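In what follows, every chain begins at residue 1, and chains take the letters A, B, ... in the order their sequences are listed. Because the structure is a prediction, the values reported are computed rather than measured.
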Amino acid sequence: MNIQEVLLHKVKEAVHTIYGQELPSVEFQPTRKDFEGDVTIVVFPMLRVIKGNPVQIGEQIGAFLKEHVDEVSDFNVIKGFLNIVLDDNFYLSFFNSIKSESNFGFLKESTDAIMVEYSSPNTNKPLHLGHIRNNLLGYSVAEILKASGRKVYKTQIINDRGIHICKSMVAWQKFGNGETPSSTGLKGDKLVGNYYVAFDKIYKEQIAQRIASGIDFKDAEKEAPILLEAKKMLLKWEAGDAETVALWKTMNGWVYKGFEVTYKNLGVDFDTLYYESDTYLLGKNVVAEGLEKGVFFKKEDGSVWIDLTEDGLDEKIVLRSDGTAVYMTQDIGTAIQRVKDHPDVNGMVYTVGNEQDYHFKVLFLILKKLGFSWSDKLYHLSYGMVDLPSGKMKSREGTVVDADDLMADMTQTAATISEELGKLEEYTDEEKGALYQMIGLGALKYYILKVDPKKRILFDPEESVDFQGNTGPFIQYTYARIQSILRKADSMGIDISESTASVELHIKEKELIKQIQLFPDTIQLAAENYSPALIANYTYDLVKEFNSFYQQVSILGEANEEKRILRVQLSKKVADVIQDAFRLLGIEVPERM
RNA sequence: GGUGGCAUAGCUCAGCUGGAUAGAGCACCUGCCUUCUAAGCAGGCGGUCCUAGGUUCGAAUCCUAGUGCCAUCACCA
């Protein structure tokens, strides 16, 4: 039974004893820093049951608690707020009970499985800043769900086919002169991306020419020669034309090699992969079945739709009149396939930008109407766009912040700052390089993950990401500082395996223990809300608290042995929590920096 | 036009089920390195919580209307 439950029970008892009334509930909140106390009980809501002066009621309940609850050492009442001071021993015994627990706050993996989809790029261009947010979010949410006790499958659906893929293929065929990643020294995804841009350039020129020669804009667009070529290629691909398929495989292979490097640097991974080329035909049978059941209806031209007007949405197409699949068809099929492949999954999370809110609303509703019981366990992890000061990023117009470039820039900035500070003399160049990357990526990841997922992010490439204040490097730095203390403590022969029985706690020690105590609930809250931002903000608060402690009290210089040991133990626990919390964000922590 | 999201300090963001004087970081100003790493600590400056109503003992938080920005409403993805 935790302390709040004890207090809840006792407050009710107090009200019963003193006023002879039954209290339906008690409102708790952490005591604000400006007042003395640890837990605050709000008296106002009690006035419905007990008539009287809130201050007086607070005093009487406070006195009762102090007398009847061991952990309550004191109290004070300010206006209608009863502030309870908890005994040092309460905090000490809590700390002693968890101090050697590894993975404190993490629940053991259960059989309750969930699938998290993220990344899901097109294979015609390199990954950019938008993908970075997606990847970091998806990866982190997956890790948080694991920590909250779920079994997690990370997955993605790779959009490896379709007209947009054919565009870069056509451009390469026409202007590529047989270029390959090894002949050019370019990363595969970059090379292919160049041809995607090249396609668009020619396409625009052709449209302009055609308009100049008097063709209507719509037709000029629809029937530009190079677009027709791409369309022709798509038909050939769907027909399984050997040459087209071979080219497709080759170019996608280049892209995958490139993506692999980016993913590795970003530190994300996947358990299972789905390819659109395998799944795009799935769902057609389901649509046929749904048509029989009357979930869908067919229009005169043969196209199949679902009517969602009663649910406040519109009519939505699920199959074209020529019988080909649209995205929705594929997504229906893929969802069903995933449940077949992983019979234990009890829910799926789709990490996709908020521009597709409507799509997922419809998808989930369709699956529900088709009668799949798991449809209400689907969640669209919808996140805001990453915009530049100039507006939206557009691949075709070259206004994107490239993922690889950005990571390299961040690493470079970390290197510059580190070298100015010059604390790493004994490191080899290799060790330094690894550390710079760790810090640079820590800055980037934290910067993106600390923001509530649903809010849009404005990213200014001119203004570099901060390394001070509420940032990844600040937290990494605190971790490194603690490691330094622990190394020193070890060399001094301080044994931290024993428990400290009973010492008076410094206010800062107490605050630290309180903050540590919040970690398990924070993980659960972050899991419930699919929000790494909650982990980030928690960690920041913990670290701020530690730095204040570090500044105010001497750890290794403390004369009293028990206190010295406790302080080292506390420092170690804070470091462990930082490391575990950052692991949930996909950020590494350094031994020194 | 219909639907959905967002709006808090100059900038970037917190603010849990409604609770005390709305909090951080950056920027700007002032102190603190002969003591465990100054990527730090302590302090100062800075607010019409978009606007107007409403519910409540109490509203940044809930409800209604409006304003602004973004997204979406295609046999696109």
query = Quick one: which of Y118(A), F360(A), Y530(A) gives a ring pair (Phe, Tyr, Trp, His ring centres under 6.0 Å) with H380(A)?
reply = F360(A)

message = Please classify the nucleic acid contact of A480(A) as base, sugar-phosphate, or nothing, using heavy-atom distances under 4.0 Å.
response = base

task = Would you mind classifying the nucleic acid contact of D452(A) as base, sugar-phosphate or nothing, using non-hydrogen atoms under 4.0 angstrom?
result = sugar-phosphate

request  = For P54(A), answer base if it contacts any base atom (sugar-phosphate contacts may also be present), sugar-phosphate if it contacts only those atoms, and nothing otherwise; contact means non-hydrogen atoms under 4.0 Å.
outcome  = nothing

request  = Measure from the side chain of K392(A), starting at C-beta and using heavy atoms only, and say which of G4(B), C26(B), A71(B) lies closest.
outcome  = A71(B)

query = Under 4.0 Å: is that the gap between some side-chain N or O of S484(A) and OP1 or OP2 of U37(B)?
reply = yes

query = Just to confirm, is there a sub-4.0 Å distance from OP1 or OP2 of A39(B) to any side-chain nitrogen or oxygen of Y477(A)?
reply = yes

query = Which part of the nucleic acid, if any, lies within reach of Q552(A) when heavy atoms closer than 4.0 Å are counted: base, sugar-phosphate only, or nothing?
reply = nothing

Inter-nucleotide P distance (A14(B), C6(B)), Å rounded = 12 Å

ask   = Partners of L308(A) by side-chain contact (heavy atoms from CB on, under 4.5 Å), sequence neighbours excluded?
value = I306(A), D311(A), L313(A), V362(A), L365(A), K369(A)

query = Would you call Y358(A) stacked on G4(B), i.e. ring centres under 5.5 Å apart with the planes less than 30° off parallel?
reply = no

task = Using the side-chain contact (heavy atoms from CB on, under 4.5 Å) rule, take R487(A) and R592(A) through it: C-alpha gap first, then chi angles, then the decisive distance, then the call.
result = CA-CA 11 Å; R487(A) 281 191 297 270; R592(A) 301 167 208 270; 3.5 Å; yes

task = Tell me whether the OP1 or OP2 atom of A42(B) has a side-chain N or O from S548(A) closer than 4.0 Å.
result = yes

query = Counting any heavy atom closer than 4.0 Å, what does S418(A) reach on the DNA or RNA strands: base, sugar-phosphate only, or nothing?
reply = base

key: Base-pairing assignment for G40(B) (Watson-Crick or G-U wobble, both under 3.5 Å)   = C32(B)

task = Considering only atom P, compute the distance from A9(B) to U61(B) and round it to an integer number of Å.
result = 15 Å

query = On a whole-Å scale, what distance lies between the P atoms belonging to C49(B) and C26(B)?
reply = 25 Å

message = Applying the Watson-Crick and G-U wobble criteria at under 3.5 Å, what pairs with G18(B)? Answer none if nothing qualifies.
response = none

request  = Specify whether Y447(A) and F459(A) have parallel, tilted or perpendicular ring planes, treating 30° as the upper limit for parallel and 60° as the lower limit for perpendicular.
outcome  = perpendicular

request  = Using the P atoms only, state how far A60(B) lies from G68(B), rounded to an integer number of Å.
outcome  = 25 Å

message = Taking D387(A) first and then K392(A), would you say they form a salt bridge - that is, a charged N and a carboxylate O separated by under 4.0 Å?
response = no

request  = Counting Watson-Crick and G-U wobble pairs only, both distances under 3.5 Å, name the nucleotide matched with U12(B), or none.
outcome  = A24(B)

inquiry  = Using a heavy-atom cut-off of 4.0 Å across all strands, would you classify Y540(A) as base, sugar-phosphate, or nothing?
reply    = sugar-phosphate

key: Closest-nucleotide ordering on RNA chain B, the 5'-leading residue of I417(A) and D466(A)   = D466(A)

request  = Please determine, for G46(B), whether a Watson-Crick or G-U wobble partner exists with both distances under 3.5 Å, and give it or none.
outcome  = none

remark   = Answer for the Watson-Crick or wobble partner of U64(B), both distances under 3.5 Å, is A52(B)

ask   = Mind telling me whether C33(B) is syn or anti, cutoff 90° either side of 0?
value = syn

inquiry  = What contact category does F44(A) fall into here, base, sugar-phosphate, or nothing, at under 4.0 angstrom with non-hydrogen atoms?
reply    = base

request  = Test for a donor-acceptor pair under 3.5 Å between the base of A20(B) and the side chain of T40(A), counting only N and O atoms.
outcome  = yes

message = Does A38(B) have OP1 or OP2 under 4.0 Å away from a side-chain N or O of R481(A)?
response = yes

request  = Answer yes or no: does a side-chain N or O of K455(A) lie under 4.0 Å from OP1 or OP2 of A7(B)?
outcome  = yes

task = May I ask you to evaluate whether R32(A) reaches the phosphate of A20(B), defined as a side-chain N or O under 4.0 Å from OP1 or OP2?
result = yes

task = Determine the contact category for Q476(A): base if any of its heavy atoms lies under 4.0 Å from a base atom, sugar-phosphate if only primed atoms, P, OP1 or OP2 are that close, otherwise nothing.
result = nothing

key: G25(B) versus G40(B) - spacing of their C1' atoms, nearest Å   = 14 Å

query = Nearest nucleotide by nearest heavy atom, which residue falls closer to the 5' end of RNA chain B, F81(A) or I485(A)?
reply = F81(A)

query = Hey, are K508(A) and E511(A) close enough for a salt bridge, meaning a charged N less than 4.0 Å from a carboxylate O?
reply = no

task = Using a 4.0 Å heavy-atom cut-off across all strands, classify F28(A) as base, sugar-phosphate, or nothing.
result = base

task = May I ask you to say what N83(A) touches in the nucleic acid, namely base, sugar-phosphate or nothing, with a heavy-atom cut-off under 4.0 Å?
result = base

message = Checking base pairs now: Watson-Crick or wobble, both atom distances under 3.5 Å. What partners G4(B)?
response = C70(B)

request  = For G2(B) and G66(B), measure between their P atoms and round to the nearest Å.
outcome  = 9 Å

ask   = Just to confirm, is there a sub-4.0 Å distance from OP1 or OP2 of A38(B) to any side-chain nitrogen or oxygen of K423(A)?
value = no

message = Base, sugar-phosphate or nothing for V568(A)? Non-hydrogen atoms, less than 4.0 Å.
response = nothing

request  = Please work out which of the three classes, parallel, tilted or perpendicular, describes the rings of Y446(A) and F582(A), given edges at 30° and 60°.
outcome  = tilted

message = Whether R320(A) contacts C76(B) is assessed here as follows: a side-chain N or O lying under 4.0 Å from the phosphate OP1 or OP2. Is that the case?
response = yes

task = Classify the nucleic acid contact of I439(A) as base, sugar-phosphate or nothing, counting any heavy atom under 4.0 Å across all strands shown.
result = base

query = Are N159(A) and H164(A) linked by a side-chain donor-acceptor pair shorter than 3.5 Å?
reply = no

request  = Check whether any side-chain N or O of K450(A) sits under 4.0 Å from OP1 or OP2 of A14(B), and answer yes or no.
outcome  = no

ask   = If you look at every strand shown and take non-hydrogen atoms under 4.0 Å, does M593(A) touch a base, only sugar-phosphate, or nothing?
value = base

